Amino acid sequence: MIKGVLVSVLVVVSAVALGLYIDYNNAFTGTAPSPIMQWWGEGKPRLDDGIIKPFKINFPKELLDDLHHRLSNTRPFHPPLDDVGFQYGFNTEFLQTVLDFWRTKYSWEERQNYLNSLPQYTMETQGLQIHFIHVKPKNAKGLHVYPLLLVHGWPGSVREFYDIIPLLTTPREGQDFVFEVVAPSLPGYGFSQATTRHGLGPAQVAVVLRTLMKQLGHKRYYVQGGDWGSIIVTLLAQMTRGDRILGLHTNMAYVMPTTGMMAWQIIGSWYPSVIGDETEQKYVYPMSDHYSFLLEESGYLHLQATKPDTIGVALRDSPMGLAAYILEKFSTWTDRSWKSLKDGGLLKKFKLEALLDNVMIYWMTGTITTSMRLYSEHFNRTHRALGFDQAPVKVPTAIARFPNELANQPRCFLEKKFTNLVQVTDMPTGGHFAAFEEPKLLADDIWDFVSALHHKST
């Protein structure tokens with residue numbers, strides 16, 4: 001009888017192991033659907049006007065006066081605990097420094113001139129007025145010009161791209177191509193109109209951006225993104241038919257783990273070599289460290305995926321509350337060790353006026369609530385039912401892994417979804433906001449990726 005039980009157990013275990021192995025090796029199959037093109041504007045659907053309108057940032061004096069009034073009448077902050085940096089969130093002693101700088105030294109007139117230094121436009125796309133930076137290269141005579149769609153995430157904005165765009169649109173010695181950059185503000189972010197209808201998730205945003213590129217006359221182009229931008233450009237690559245997307249570059253590639261992948265990860269706890277060499281293992285182990293960090297940093301995600309409009313009321317009403325909520329992410333998401341510092345390490349990589357530029361875009365446009373709704377439109381059954389999470393990405397792909405990214409994954413996982421993985425670069429430094437923090441490293445990697453594909457095709 002015991003022998004029979006053992007045989008039965010062995011059969012069950014073997015069947016489960018076989019099932020997990022099959023799942024691990026065959027989870028990403030099929031072709032992702034392309035969500036239908038929808039009207040997201042107010043009123044009844046109609047054709048877009050197709051008019052490209054030059055755009056300049058120019059906030060009314062009344063809004064600036066209101067901001068100054070609110071900053072000047074900010075209630076005293078509750079003092080932080082003794083000997084605490086950013087472990088409990090934004091340290092209010094340093095927040096006072098931010099307040100003083102914002103109120104007395106931050107010149108909106110100067111910053112507005114800087115933000116208007118890049119050509120910007122708006123166009124009606126699927127019923128929404130979409131704002132975008134559009135920079136064409138100078139002195140591109142005799143060069144191939146590749147359109148490149150740059151997509152930001154949350155709590156960022158197009159402000160992240162001001163240093164990297166010149167590095168992409170300026171011809172490089174030894175290269176016979178250059179980039180033409182289109183960097184849109186996501187719908188409901190900053191200067192792009194928000195929808196009044198539910199259902200505008202990342203997949204639908206990808207369709208909006210695809211429509212925008214088509215309106216601009218770009219039938220074939222490269223895409224790049226981090227954070228939401230990574231998810232959106234990955235969706236674009238999954239939707240592509242033919243050769244619309246020439247290549248995908250991302251600095252935050254993420255593969256939704258399958259049961260088989262999770263089992264493989266657990267097996268690797270005893271036999272790490274199944275994951276890869278030491279470089280690959282560090283992205284997985286110790287598992288407790290990685291999962292603890294994600295748990296600590298993902299509270300905002302659950303809140304915004306479930307109740308964005310509630311927290312939106314508080315953030316839309318207090319400029320300092322908004323600054324603390326946004327800028328705290330630029331600390332721990334850039335380097336998790338900075339949470340022990342009184343100033344969160346914010347000034348190690350960023351200038352305070354640059355950080356406040358990003359906050360100002362959210363504050364002055366009043367778009368913090370509509371930006372957060374993207375979370376609730378993504379983390380739901382409707383998105384999961386589309387089937388993108390387990391659909392492969394077949395276009396040529398490059399992935400830049402920055403060491404302080406929120407979540408990196410080993411190559412053996414990435415290859416399951418990104419079936420045409422051309423380039424994986426392990427960066428020497430940098431975190432989540434790569435274009436903002438390390439523009440040269442990111443630009444160099446984009447150039448290397450496109451160069452490899454360009455010379456292969458020619």
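No experiment lies behind these values; they were computed from the predicted model shown.
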TODO: Determine the minimum heavy-atom distance between Ile57 and Asn116, stating which atoms define it.
DONE: N-OD1, 2.8 Å

Open item on the list: Tell me if a side-chain donor or acceptor on Thr122 pairs with a main-chain N or O of Gln129 at a distance below 3.5 Å.
Closed with: no

Open item on the list: Could you check whether Arg373 pairs with Asp309 (Lys NZ or Arg NE/NH1/NH2 to Asp/Glu carboxylate O, under 4.0 Å)?
Closed with: yes

- [ ] Could you check whether the rings of Tyr146 and His454 sit parallel, tilted or perpendicular, using 30° and 60° as the cut-offs?
- [x] perpendicular

TODO: Hey, can you tell me if Trp228 and Phe379 have their rings parallel, tilted or perpendicular (30° and 60° cut-offs)?
DONE: tilted

Open item on the list: Check this for me, if you would: do Glu438 and Lys349 make a salt bridge, where the nitrogen-to-carboxylate-oxygen distance has to be below 4.0 angstrom?
Closed with: yes

Open item on the list: Using a 3.5 Å distance criterion without hydrogens, assess whether the side chain of Thr367 forms a donor-acceptor pair with backbone atoms of Gly190.
Closed with: yes

- [ ] Verify side-chain contact (heavy atoms from CB on, under 4.5 Å) between Thr97 and Asp343, making sure each step is shown before the conclusion.
- [x] CA-CA 9 Å; Thr97 300; Asp343 63 357; over 6 Å; no

Task: Side-chain donor-acceptor contact under 3.5 Å, His432 with Asn251 - done: no

Open item on the list: Checking Gln204 against Leu386 for the side-chain contact (heavy atoms from CB on, under 4.5 Å) test, could you report, in this order, the C-alpha distance in whole Å, the side-chain angles of both residues, the deciding distance, and whether it holds?
Closed with: CA-CA 11 Å; Gln204 291 74 27; Leu386 292 173; 4.2 Å; yes

Task: 4.5 Å side-chain heavy-atom contact, Val151 and Leu149 - done: yes

Task: No-hydrogen, no-angle side-chain donor-acceptor test under 3.5 Å, Ser376 and Gln304 - done: no

Task: Test applied, side-chain contact (heavy atoms from CB on, under 4.5 Å); reference residue, Met123; option that passes from Ile130, Leu216, Asp48 - done: Leu216

Task: Sub-6.0 Å ring centroid separation between His290 and Tyr283 - done: no

TODO: Identify the two heavy atoms, one from Pro392 and one from Thr419, that lie closest to each other, and give their separation to 0.1 Å.
DONE: CB-CG2, 4.0 Å

- [ ] Could you tell me whether the side chain of Glu415 and the main chain of Leu421 form a donor-acceptor pair under 3.5 Å?
- [x] no

Open item on the list: Does either side chain, that of Asp445 or that of His249, offer a donor lying less than 3.5 Å from an acceptor on the other one?
Closed with: yes

Task: Heavy atoms from other residues, nucleotides or ligands near CZ of Arg111 exceed 12 (cutoff 6.0 Å) - done: yes

TODO: Would you check if the distance from the ring center of Tyr162 to the ring center of Tyr114 is below 6.0 Å?
DONE: yes

- [ ] Determine, step by step, whether Ser157 and Asn358 satisfy the side-chain hydrogen bond (donor to acceptor under 3.5 Å, both in side chains) criterion, reporting the C-alpha distance in whole Å, the side-chain angles of both residues, the deciding distance to 0.1 Å, and the verdict.
- [x] CA-CA 6 Å; Ser157 65; Asn358 184 60; 2.7 Å; yes

TODO: Determine whether the side chains of Asn408 and Tyr254 contain a donor N or O and an acceptor N or O closer than 3.5 Å.
DONE: no

TODO: Answer yes or no: is there a side-chain heavy-atom contact under 4.5 Å between His131 and Pro184?
DONE: no

Task: Non-hydrogen side-chain atoms of Pro187 and Thr195 separated by less than 4.5 Å - done: no

Open item on the list: Could you tell me if the side chain of Tyr222 sits less than 4.5 Å from the side chain of Ile446, heavy atoms only?
Closed with: no

Open item on the list: Nearest 0.5 Å, please: how far is CD in Gln409 from CD in Gln265?
Closed with: 8.5 Å

- [ ] Might you work through the side-chain contact (heavy atoms from CB on, under 4.5 Å) test for Thr365 and Tyr189, ending with a clear yes or no?
- [x] CA-CA 8 Å; Thr365 60; Tyr189 284 66; over 6 Å; no

Task: Donor on one side chain, acceptor on other, Thr306 and His302, under 3.5 Å - done: no

Task: Distance-minimising heavy-atom pair for Leu315 and Leu322 - done: O-CB, 3.6 Å

Task: Heavy-atom closest contact (Gln224 atom, Leu442 atom, distance) - done: NE2-CD1, 3.9 Å

Open item on the list: Give me the atom names and distance for the closest heavy-atom approach of Ile52 to Pro54.
Closed with: O-CD, 3.9 Å

Task: 4.5 Å side-chain heavy-atom contact, Phe94 and Leu346 - done: yes

Open item on the list: Both conditions, 6.0 Å and 45 degrees, for the charged tip of Lys282 above the ring of Tyr285: are they met here?
Closed with: no

- [ ] Look at the aromatic rings of Phe179 and Trp447 and report parallel, tilted or perpendicular, splitting at 30° and 60°.
- [x] perpendicular

Open item on the list: Within a 6.0 Å radius of atom CG on Asp289, are there more than 12 heavy atoms belonging to other residues, nucleotides or ligands?
Closed with: yes

TODO: For His144 and Asp176, run side-chain hydrogen bond (donor to acceptor under 3.5 Å, both in side chains): C-alpha distance rounded to whole Å, both residues' side-chain angles, the deciding distance at 0.1 Å, then the answer.
DONE: CA-CA 6 Å; His144 296 274; Asp176 61 349; 4.6 Å; no

- [ ] Determine whether more than 12 heavy atoms belonging to other residues, nucleotides or ligands lie under 6.0 Å from atom OH of Tyr88.
- [x] no

Open item on the list: Between Glu296 and Arg336, does any side-chain N to carboxylate O distance fall below 4.0 Å?
Closed with: no

- [ ] Decide yes or no for Pro410 and Gln281: does some side-chain heavy atom of the first lie under 4.5 Å from some side-chain heavy atom of the second?
- [x] no

Open item on the list: Quick check: Phe330 with Phe350 (ring centres under 6.0 Å apart)?
Closed with: yes

Open item on the list: To the nearest 0.5 Å, what is the distance between CH2 on Trp40 and CG on Leu200?
Closed with: 5.0 Å

TODO: For Ser318 and Arg316, indicate whether the former's side chain and the latter's backbone hold a donor-acceptor pair under 3.5 Å.
DONE: no

Task: Min side-chain heavy-atom separation Leu352-Trp102 under 4.5 Å - done: no

- [ ] Please round to the nearest 0.5 Å and tell me the distance separating atom CZ of Phe90 and atom CD1 of Ile326.
- [x] 11.5 Å

- [ ] Pick out which of Glu297, Glu437, Glu405, Glu328 makes a side chain to side chain donor-acceptor pair (under 3.5 Å) with Trp333.
- [x] Glu297

- [ ] Could you grab the distance from atom CD1 of Ile361 to atom CZ of Arg159, nearest 0.5 Å is fine?
- [x] 8.0 Å

Task: Under 3.5 Å: donor-acceptor pair, side chain of Thr397, backbone of Phe418 - done: no

TODO: Could you grab the distance from atom CZ of Phe449 to atom CG of Leu246, nearest 0.5 Å is fine?
DONE: 9.0 Å

TODO: Check whether more than 12 heavy atoms from other residues, nucleotides or ligands sit under 6.0 Å from atom NZ of Lys342, and answer yes or no.
DONE: yes

TODO: Check Val393 against Ala237 and note the closest heavy-atom contact, atom names and distance.
DONE: CG1-CB, 3.9 Å

Task: Under 3.5 Å side-chain donor-acceptor pair for His134 and Gln120 - done: no

Task: Ring center gap for Tyr375 and Tyr300 short of 6.0 angstrom - done: yes

TODO: With side-chain contact (heavy atoms from CB on, under 4.5 Å) as the test, would you mind laying out the steps for Ile165 and Leu150 before giving the verdict?
DONE: CA-CA 9 Å; Ile165 287 176; Leu150 280 181; 4.2 Å; yes

Task: Identified ring pair (Phe, Tyr, Trp, His ring centres under 6.0 Å) partner of Tyr121 from the options Phe191, Phe132, Phe55 - done: Phe132

- [ ] Compare all side-chain heavy atoms of Ser371 with those of Tyr362 and state whether any distance is below 4.5 angstrom.
- [x] yes

Task: Trp264 side, atom CH2; Ile275 side, atom CD1 - distance, nearest 0.5 Å - done: 8.0 Å

TODO: Check the surroundings of atom NZ in Lys339: do more than 12 heavy atoms from other residues, nucleotides or ligands lie under 6.0 Å from it?
DONE: no

